[in-house]
Amino acid sequence: MKALKVKSSNTGLGAAWHLAKVEVSSSATGEKLVFPFHNWFSNENGTEHVLWPDRDGDGTGDVGELGSLVKYRVSTYTADERGAGTDANVTIALHGTKGFVGATRLENAQNNFERGRKDEFEIMGTDVGELTHVDIAHDNSLLGSAWKLDQVEVFHPKLQRLFIFPCHDWLQVTDAEGLDGCKKTLREGALAAADSGTASYKVLVQTSDIRGAGTDSDIFICLFGPKGDSGERLLDSSANDFERGKLDTFMFSGPDVGEVQRIKIRSSNTGLGSSWHLSHVDVFSSSMPEMFHFPFNNWVDSKHGLEQYIWRDGTEDVNAAALVEYRVTVYTSDIRGAGTDANVSIEMFGSKGAVGLTRLETSADNFERNHADMFVVRGTDIGDVEHVVISHDNSGVGPSWHCQQVDVFNPSTQRTYTFPCNAWLEKTKEKGMDGCRKELVFGMQEGQELCDYKVEVHTGDVRGAGTDSNVEMCVFGTKGDTGMHVLANSRNNFERNKEDVFFFKAPDIGMMTDC
């Protein structure tokens, strides 16, 4: 031990405090030290002090070399959805390549951690080097303590670098996890993206400060990079977005597209005053250290175009991945109740990348019983299409849907890829919303059936047994194997002494032999 930092909140009646000394014992080293002070914590004398140990026994602290202290800037983003905020006490611990800063309470004079809000804090601590992960937690105090956190950002002033830690999850007490559910270990964005192939995106949209610039239309964005695209995402929050001269912030997660080379902005052209004058868009990706700037300074409307492609820094990149128009044909089964009015989306994965979640919609009445619906999806060229994920949002009356098959034609390969389904996509008691999602694999033989596999994973009941890593598995059988499948659902999986259940579809592999 080199020194102590002691801080007083300086609140309440008689807030001034005279501290004589602090004694600290360490079970790790067997060390016991006395830190004398004999002074006041007050407005006049300061409310935060460093105490030095008395090593020679003369009753005064022996000032030594503490090493360089760093003032970190920590930003938290509370999700913009009902009940996301919390009044519990939140703490964070920082971990890096050179050391760590222990759990420190995040507090200031503001009403922090409210829905859809960014809160900023300063933490003084040792230089941890490049940050690798953070531990974020709350103490479950007060009513409505559950908290949905989108993201944590830590700016390291010595390195002049912003580290991003995606979350997009609840911190709350659960039957399975108890208070452990109030704590998350978040990996640094680039490390997390390398493991999972996903990234967290923060999108800043600046509406121009000219007459009539604002709009009430729905605005959508799609990000394109060398690894694929994000799919089209609605930019929406609880605030009144896209008003004249206003900067709006949105967050979402999706496939890691790498360096964002260009974006697509689309307006629904609805509402009064639907024309919109866009100044620029800035994009932060958790997998990349830099910000991506997309200047525009023009109108998005029926006269100038409702769909605009904008290049990074306003300069076309001749090496950017090509965009192609996929023809996606969806066949709804010819059985009673097969149709749906829910919103259906598709994700496509290929040998060269991925096309993110994209809603399938036209002006027709789609997904009716015994109908084939064709859609055009514009995205990056992903080469041979290996698998797709088809899903719906369970909206509307009777949202359950029986999908017979999905065909994808890629003009760059001049091939049609067929993905048999022949299954219900519906919310069930056992699977929840995961039942509204199916992963379909290309290469099924004629007449070969996709089987449902249920996987139960039991994490050990020993200290440190749980993990936040992404877990994949492949099951081998007498007829072949299932291929690698990510074990994921909407829950916080792989915690100590917990049983997790997963479902996926794959070809019939016969009798299972090992995994």
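As the structure is a prediction and not an experimental result, all values here were calculated from the model.
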Novice: Decide salt bridge (charged side-chain N to carboxylate O under 4.0 Å, His left out) for Arg187 and Asp468; before the verdict, give the C-alpha distance in whole Å, the side-chain angles of both, and the deciding distance to 0.1 Å.
Specialist: CA-CA 9 Å; Arg187 298 194 71 198; Asp468 290 316; over 6 Å; no
Novice: Salt bridge or not for Asp381 and Lys352, using N-O below 4.0 Å?
Specialist: yes
Novice: Are any of the side-chain nitrogens in Asp80 or Arg115 under 4.0 Å away from the carboxylate oxygens of its partner?
Specialist: yes
Novice: If you round to the nearest 0.5 Å, how far is SG of Cys222 from CD1 of Ile263?
Specialist: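 Going from the CD1 atom of Ile263 to the SG atom of Cys222 covers 9.5 Å.
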Novice: Taking all heavy atoms of Phe419 and all of Val441, pick out the closest pair and write down the distance.
Specialist: CD2-C, 3.6 Å
Novice: Quick one: does Ser333's side chain have a donor or acceptor within less than 3.5 Å of a partner on Ile335's backbone?
Specialist: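 Checking the backbone N and O of Ile335 against the side chain of Ser333, no donor-acceptor pair under 3.5 Å is found.
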Novice: Is a side-chain N or O of Lys246 found less than 3.5 angstrom from the main chain of Asn240, in a donor-acceptor match?
Specialist: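 Side chain of Lys246 to backbone of Asn240: a pair is present.
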Novice: Measure the CG-OH distance between Leu149 and Tyr77 for me, rounded to the nearest 0.5 Å.
Specialist: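 Between atom CG of Leu149 and atom OH of Tyr77 there are 11.0 Å.
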Novice: Mind checking the CZ-CD1 spacing from Phe220 to Ile265? Nearest 0.5 Å is all I need.
Specialist: 11.0 Å
Novice: Counting only N and O atoms by type, is there a donor-acceptor contact under 3.5 Å from the side chain of Thr358 to the main-chain atoms of Gly356?
Specialist: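 It does hold such a pair.
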Novice: Without swapping roles, check the side chain of Ser351 against the backbone of Gly383 for a donor-acceptor pair under 3.5 Å.
Specialist: no
Novice: What I'd like to find out is whether the side chain of Gln414 reaches to under 4.5 Å of the side chain of Phe409, using heavy atoms alone.
Specialist: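 With C-beta onward as the side chain, the pair touches.
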Novice: Testing Thr459, Asp461, Asp180 for side chain to side chain donor-acceptor pair (under 3.5 Å) with Arg496, which one passes?
Specialist: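 When Thr459, Asp461, Asp180 are each tested with Arg496, the side chain to side chain donor-acceptor pair (under 3.5 Å) holds only for Asp461.
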Novice: Would you confirm whether the ring centroid of Phe242 sits within less than 6.0 angstrom of the ring centroid of Phe250?
Specialist: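 Between Phe250 and Phe242, the centre distance is under 6.0 Å.
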Novice: Taking all atoms of both residues into account, what is the closest heavy-atom pair of Ile382 and Ala354, and its distance?
Specialist: CG2-N, 3.4 Å
Novice: Let's go through Thr362 and Asp373 carefully: what are the C-alpha distance in whole Å and the side-chain angles of both, what is the deciding distance for side-chain contact (heavy atoms from CB on, under 4.5 Å) to 0.1 Å, and is it a yes or a no?
Specialist: CA-CA 9 Å; Thr362 66; Asp373 299 295; over 6 Å; no
Novice: Of all the heavy-atom pairs spanning Thr86 and Trp147, show the shortest one and how long it is.
Specialist: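 In this case the closest contact between Thr86 and Trp147 is CG2-CG, 3.5 Å.
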Novice: Without hydrogens or angle criteria, can the side chains of Thr418 and Asp407 be said to hold a donor-acceptor pair below 3.5 Å?
Specialist: yes
Novice: Calculate, to the nearest 0.5 Å, the distance between atoms CE and CG belonging to Met291 and Leu204 respectively.
Specialist: 8.5 Å
Novice: Can you check whether Phe113 reaches Leu106 side chain to side chain, under 4.5 Å on heavy atoms?
Specialist: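 SC-SC contact between Phe113 and Leu106 confirmed.
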Novice: Should the heavy atoms of other residues, nucleotides or ligands under 6.0 Å from CZ of Arg117 be counted, would the total exceed 12?
Specialist: yes
Novice: Which pair of non-hydrogen atoms, one from Leu425 and one from Cys421, has the smallest distance, and what is that distance?
Specialist: CD1-SG, 4.1 Å
Novice: Would you name the heavy atoms of Phe292 and Glu259 that are closest together and state the gap between them?
Specialist: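 In terms of heavy atoms, the two residues are closest at CZ-CA, 3.8 Å.
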Novice: Strictly by modelled atom types, are His371 and Asn366 linked by a side-chain donor-acceptor pair under 3.5 Å?
Specialist: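 No, because no side-chain N or O of His371 sits under 3.5 Å from a partner of the opposite role on Asn366.
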Novice: When you check the side-chain N and O atoms of Asp256 and Thr198, is any donor under 3.5 Å from an acceptor?
Specialist: no
Novice: Under a 3.5 Å distance rule, please check whether Asp229 uses its side chain to pair with a backbone N or O of Gly379 as donor and acceptor.
Specialist: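 A pair under 3.5 Å: no.
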Novice: To the nearest 0.5 Å, what is the distance between CZ on Arg336 and CZ on Arg369?
Specialist: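 Separation between the atoms: 8.0 Å.
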Novice: Going by heavy atoms in the side chains, are Tyr309 and Arg378 under 4.5 Å from each other?
Specialist: yes
Novice: Passes ring pair (Phe, Tyr, Trp, His ring centres under 6.0 Å), Phe502 versus Phe494? Steps please.
Specialist: CA-CA 12 Å; Phe502 309 92; Phe494 312 119; 5.6 Å; yes
Novice: Could you check if a side-chain atom of Glu188 sits within less than 4.5 angstrom of a side-chain atom of Phe165, using non-hydrogen atoms only?
Specialist: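 SC-SC contact between Glu188 and Phe165 confirmed.
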Novice: Which atoms form the tightest heavy-atom contact between Thr270 and Ser217, and what is the distance?
Specialist: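 Here Thr270 and Ser217 meet closest at O-OG, 2.8 Å.
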Novice: Can you confirm whether Trp276 sits close enough to Val205 that some side-chain heavy atom of one is under 4.5 Å from a side-chain heavy atom of the other?
Specialist: yes
Novice: Taking side chain as C-beta onward, heavy atoms only, is Ile310 less than 4.5 Å from Leu278?
Specialist: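 Result yes, sub-4.5 Å side-chain heavy-atom pair found.
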Novice: Mind running side-chain hydrogen bond (donor to acceptor under 3.5 Å, both in side chains) on Ser145 and His138 for me, showing each step along the way?
Specialist: CA-CA 8 Å; Ser145 58; His138 68 75; 4.9 Å; no
Novice: Are Glu153 and Ser75 close enough, and set up right, to give a side-chain hydrogen bond (donor to acceptor under 3.5 Å, both in side chains), and what steps lead you there?
Specialist: CA-CA 5 Å; Glu153 296 176 355; Ser75 301; 4.7 Å; no
Novice: Assess the residue pair Thr185 and His95 against the criterion (side-chain contact (heavy atoms from CB on, under 4.5 Å)); give the C-alpha distance rounded to whole Å, side-chain angles, the decisive distance to 0.1 Å, and a yes or no.
Specialist: CA-CA 10 Å; Thr185 297; His95 300 264; over 6 Å; no
Novice: Measuring only between side-chain heavy atoms, which start at C-beta, is Phe349 closer than 4.5 Å to His387?
Specialist: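 Phe349 vs His387: side chains touch.
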Novice: Judged by atom type as modelled, is there a donor-acceptor pair below 3.5 Å linking the side chain of Arg233 to the main-chain atoms of Met251?
Specialist: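 No, the answer is negative, given that no donor and acceptor are paired below the 3.5 Å cut-off.
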Novice: Is it the case that the side chain of His304 and the backbone of Asn298 share a donor-acceptor pair, with hydrogens and angles ignored and the cut-off at 3.5 Å?
Specialist: no
Novice: Passes side-chain contact (heavy atoms from CB on, under 4.5 Å), Leu323 versus Thr380? Steps please.
Specialist: CA-CA 4 Å; Leu323 298 185; Thr380 49; 3.9 Å; yes
Novice: I'd like to know whether Glu243 forms a side-chain contact (heavy atoms from CB on, under 4.5 Å) with Thr207, so could you lay out the CA-CA distance, the side-chain angles of the two residues, the decisive distance to 0.1 Å, and finally the verdict.
Specialist: CA-CA 7 Å; Glu243 293 299 303; Thr207 299; over 6 Å; no
Novice: Look at Glu456 together with Lys454 and state whether they make a salt bridge at an N to O cut-off of under 4.0 Å.
Specialist: yes
Novice: Under 3.5 Å, side chain of Ser391 to main-chain N/O of Cys436, donor-acceptor pair present?
Specialist: no
Novice: Going by the angle between their ring planes, with limits at 30° and 60°, are His402 and Trp424 parallel, tilted or perpendicular?
Specialist: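 Perpendicular: the ring planes of His402 and Trp424 meet at over 60°.
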Novice: Atom CZ of Arg82 and atom NZ of Lys148: how far apart are they, to the nearest 0.5 Å?
Specialist: 14.5 Å
Novice: Examine distances only and state if a side-chain atom of Ser286 and a backbone atom of Ile164 form a donor-acceptor pair shorter than 3.5 Å.
Specialist: no
Novice: Is the backbone N or O of Tyr201 less than 3.5 Å from a side-chain atom of Ser285, with the two atoms forming a donor-acceptor pair by type?
Specialist: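 Judged by distance alone, no pair lies under 3.5 Å.
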Novice: Do Val74 and Val152 touch side chain to side chain, with heavy atoms closer than 4.5 Å?
Specialist: yes
Novice: Indicate yes or no: does Glu120 engage Lys118 in a salt bridge with an N to O separation below 4.0 Å.
Specialist: yes
